[in-house]
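Have a look at the structure below, then the notes.
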Amino acid sequence: MSDSRDDLPGTAPEPDLAPEPVARTLTGLVPGLGPDGRPRPDAPLVAVTGVTGYVGGRLVPELLAAGYRVRALARHPDRLRGRPWYDSVEVVAADAAEPAQIRAALEGVDVAYYLIHSLGTGKTFEERDRRTARTFARAAHAAGVGRIVYLGGLSPRDEELSPHLASRTEVGEILLASGVPTTVLRAAVILGSGSASFEMMRYLTERLPAMTVPRWVSNRIQPIAIRDVLRYLVGAAAMPRDVSRVFDIGGPDVLTYRDMMQRYARIAGLPRRVIVPVPVLTPRLSSLWVSLVTPVPGGLARPLVESLIHEVVCEEHDIADHVPDPPGGLVGFDRAVRLALARVQGASVSTRWSSAAPPGAPSDPLPSDPDWAGGSLYVDERRVVVDASPAALWRVVEAVGGERGWYSWALAWRVRGLLDRVVGGPGLRRGRRDPARLLVDDAVDFWRVEQLVPGRMLRLRAEMRLPGLAWLELRVEEAESTAPGTRAGPQPDPGAHDAEGSWDPAAWRRPPVVFAQRALFHPHGLGGQLYWWAVYPFHGVVFGGMQRNVARAAERAERARADLTRDGG
């Protein structure tokens with residue numbers, strides 16, 4: 001069981017690695033699209049939970065391509081705006097833990113995907129998982145759902161499991177006992193651009209040419225490519241009603257974690273890694289080490305590490321009786337890594353492990369009432385006229401964070417990020433899903449996109465550990481008219497974004513423009529008050545510097561564009 005192809009750095013990608021809907025290999029099993037290229041009106045209706053997560057966000061377009069009508073369930077539907085598939089699905093506001101909401105959301109549904117789990121959410125995750133699964137199971141039965149599909153974790157059957165693996169096993173059992181035919185798919189390490197497991201392996205291998213590691217690096221693992229996971233999920237919707245059981249799913253390779261890191265290094269063009277196992281690294285110490293080296297925070301790293309202390313190898317491949325293997329076979333480890341790296345390098349990562357906000361993270365929206373009655377709301381507001389077009393300024397604003405940084409005192413940002421990781425926050429290492437474009441709910445270092453008005457406003461909500469709630473708002477505002485009868489307001493670039501309202505393409509590309517920046521903080525208690533006044537003296541350096549440097553970057557981009565236009569014309 002191995003993928004023996006030798007693929008050296010720089011080798012041209014194979015044709016079969018081109019991204020494509022998995023439905024193309026499921027002909028005859030899925031409904032297929034209508035003559036207009038869309039799901040038929042009478043096609044089965046599927047409901048998907050966890051649509052803001054890594055797997056759920058990728059499953060929705062695959063189901064649409066397979067010909068299913070899709071109902072996307074989300075606690076905050078507005079956060080789905082901007083997804084490429086948003087206008088092709090029915091979006092419903094529903095919390096899977098609220099009986100009335102989820103019962104109404106599942107009405108008329110043929111197949112319901114349960115893609116919810118509380119990975120890395122604190123000490124009460126087991127009870128939360130149990131309660132939510134029971135609520136969902138009862139609602140699905142009452143609504144007459146034809147099938148539940150659940151993605152769980154692969155685990156040995158006769159060993160004491162880690163708390164998270166035990167909880168995922170219990171959730172599968174609850175759904176199987178619902179009275180609704182249920183498909184439980186159990187997967188080990190999922191290989192794909194942006195998956196937490198892949199990112200952990202990738203950063204450990206790339207950043208550590210030599211490392212001491214726990215004994216579990218010698219345990220056998222059967223990883224699976226995200227493409228094959230999606231294929232099984234889509235195919236599971238068509239299973240006969242008399243099938244209700246657990247299926248193990250895995251790729252064609254069985255490897256140790258050590259083997260996986262060495263093979264990743266070879267594919268990525270890195271020297272062979274020096275890996276020395278030691279017996280003293282407990283899962284807790286290992287997860288702390290992982291959180292220091294990789295973008296994966298400790299709260300998420302620990303359950304991932306704990307799942308690796310077991311040998312996780314499929315005991316059967318019965319899924320092939322209902323979802324046949326693709327014509328070219330399942331994706332092997334090397335091919336999965338090459339495809340993932342191609343997507344990372346091409347900035348085409350559609351979802352990441354950080355796509356969904358972790359439960360417990362700050363989620364209160366910014367109060368819109370200037371005279372908000374919810375307590376103190378401290379504001380640091382700055383405005384500057386920028387000798388650049390709205391288009392140039394917006395491109396800089398939309399690209400903040402990640403590799404580009406925050407355009408001000410870099411050391412201060414790094415220290416703040418490190419302190420946040422020490423106290424259990426995400427820090428700065430989450431980076432961005434895409435280096436240039438954002439969607440609502442994208443993670444940007446220790447912020448999350450709360451609101452996005454293309455070309456006009458970006459509002460970030462802090463997910464760092466704070467004694468209060470914080471936001472950073474960056475706005476592109478119109479300056480004075482630059483020609484008689486012309487408004488030079490920030491209007492959408494017709495080649496990049498859609499937005500409401502009329503606009504003048506010429507004005508969108510004509511200087512000047514105003515860059516407005518607001519930092520807002522709602523303190524919790526005395527600690528929050530003290531925090532604001534303790535950091536306030538640094539605002540001039542951090543936020544003032546950010547405003548000046550963003551403005552300069554936009555002006556440089558504008559000059560470069562003008563020079564290019566002049567030289568070309």
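- The pair Arg131-Glu127 counts as a salt bridge, with a side-chain nitrogen and a carboxylate oxygen less than 4.0 angstrom apart.
- Residue Ala187 comes nearest to Ile224 through the heavy atom pair CB-CG2, 4.1 Å, listed as atom of the first residue, atom of the second, then distance.
- Judged by distance alone, with hydrogens and angles left aside, the side-chain atoms of Arg186 form a donor-acceptor pair with the main-chain N or O of Ser155 at under 3.5 Å.
- Within the 3.5 Å criterion, the main-chain N or O of Pro523 finds no donor-acceptor partner in the side chain of Gln529.
- Taking CD1 from Ile148 and CZ from Phe136, the interatomic distance works out to 5.5 Å, rounded to the nearest 0.5 Å.
- Not a single side-chain contact (heavy atoms from CB on, under 4.5 Å) links Pro35 to another residue, sequence neighbours left out.
- For the ring pair (Phe, Tyr, Trp, His ring centres under 6.0 Å) with Tyr378, the lone residue among Trp471, Tyr531, Trp532 that qualifies is Trp532.
- At least one donor-acceptor pair closer than 3.5 Å links the side chain of Arg71 to the backbone N or O of Ala105.
- Listed for the Thr49 side chain is a donor-acceptor partner under 3.5 Å among the backbone atoms of Leu115.
- Sorted by first and then second residue, the pairs that involve residues 96-115 and meet side-chain hydrogen bond (donor to acceptor under 3.5 Å, both in side chains), not counting sequence neighbours, are Arg103-Glu107.
- Other residues, nucleotides and ligands place more than 12 heavy atoms under 6.0 Å from the CZ atom of Arg475.
- Side-chain contact between Trp85 and Val70 is absent, with no heavy-atom pair separated by less than 4.5 Å.
- Not a single salt bridge (charged side-chain N to carboxylate O under 4.0 Å, His left out) links Arg134 to another residue, sequence neighbours left out.
- With Ser195 contributing its side chain and Ile190 its backbone, the two residues share a donor-acceptor pair below 3.5 Å.
- Note: Leu73 CG to Thr52 OG1 = 11.5 Å, rounded to the nearest 0.5 Å.
- Remark: Glu170 engages Arg130 in a salt bridge (charged side-chain N to carboxylate O under 4.0 Å, His left out) (not counting sequence neighbours).
- Not a single salt bridge (charged side-chain N to carboxylate O under 4.0 Å, His left out) links Asp95 to another residue, sequence neighbours left out.
- Contact check for Pro44 versus Pro31: side-chain heavy atoms found under the 4.5 Å cut-off.
- The CZ atom of Arg81 sits 8.5 Å away from the CG atom of Asp87 when rounded to the nearest 0.5 Å.
- Within the 3.5 Å criterion, the main-chain N or O of Arg459 finds no donor-acceptor partner in the side chain of Glu450.
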> Going through the distances and angles, do Met201 and Tyr257 end up as a side chain to side chain contact (heavy atoms under 4.5 Å, CB included)?
Replying inline: CA-CA 9 Å; Met201 178 187 65; Tyr257 205 83; 3.4 Å; yes
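- For the ring pair (Phe, Tyr, Trp, His ring centres under 6.0 Å) test, no residue two or more places apart in sequence or in another chain qualifies with Tyr232.
- Contact annotation: the side chain of Leu80 never approaches that of Val440 to less than 4.5 Å [non-hydrogen atoms, C-beta and beyond].
- For the residue pair His317 and Asp325, a side-chain donor N or O sits within less than 3.5 Å of a side-chain acceptor on the partner.
- Counting only heavy atoms from C-beta outward, the side chains of Val89 and Val60 approach each other to under 4.5 Å.
- Across Ser244 and Thr182, no two heavy atoms sit closer than the pair OG-N, 3.0 Å.
- For the pair Leu458 and Glu398, the minimum side-chain heavy-atom distance is 4.5 Å or more.
- The heavy-atom pair separating Leu438 from Val449 by the smallest distance is CD1-CG2, 4.1 Å.
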> How far apart are the C-alpha atoms of Gln451 and Met457, what are their side-chain angles, what is the distance that settles it, and do they pass the side chain to side chain contact (heavy atoms under 4.5 Å, CB included) test?
Replying inline: CA-CA 8 Å; Gln451 187 174 355; Met457 188 266 285; 3.5 Å; yes
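- A donor-acceptor pair shorter than 3.5 Å can be found between the side chains of Arg147 and Thr183.
- Between the side chain of Asp445 and the backbone N or O of Trp447, no donor-acceptor pair lies under 3.5 Å.
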> Passes side chain to side chain contact (heavy atoms under 4.5 Å, CB included), Val234 versus Val30? Steps please.
Replying inline: CA-CA 8 Å; Val234 173; Val30 298; 3.9 Å; yes
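- Partner of Asp442 under the salt bridge (charged side-chain N to carboxylate O under 4.0 Å, His left out) criterion, chosen from Arg430, Arg433, Arg432, Arg79: Arg433.
- Contact record, Ala47 with Leu106: CB-CD2, 4.0 Å, taken as the closest heavy-atom pair.
- Taking CD of Glu311 as the start and CG of Leu154 as the end, the distance is 11.5 Å to the nearest 0.5 Å.
- Ser167 and Asp129 share a side-chain donor-acceptor pair at under 3.5 Å.
- Residues Thr27 and Arg24 approach most closely at OG1-O, 3.6 Å, considering heavy atoms.
- In this structure a side-chain-to-backbone donor-acceptor pair under 3.5 Å is missing from Glu62 to Leu230.
- In this structure, Asp228 does not pair ionically with Arg231, as no charged nitrogen and carboxylate oxygen lie closer than 4.0 Å.
- The two atoms that bring Ala237 and Val111 nearest to each other are O-CG2, 3.7 Å, heavy atoms only.
- Within 6.0 Å of CZ in Arg40 there are more than 12 heavy atoms belonging to other residues, nucleotides or ligands.
- Within 6.0 Å of CZ on Arg38 lie no more than 12 heavy atoms contributed by other residues, nucleotides or ligands.
- Proximity of Leu233 to Val55: side-chain heavy atoms (C-beta onward) are separated by under 4.5 Å at one or more points.
- Between the side chain of Glu316 and the backbone N or O of Asp248 there is at least one donor-acceptor pair closer than 3.5 Å.
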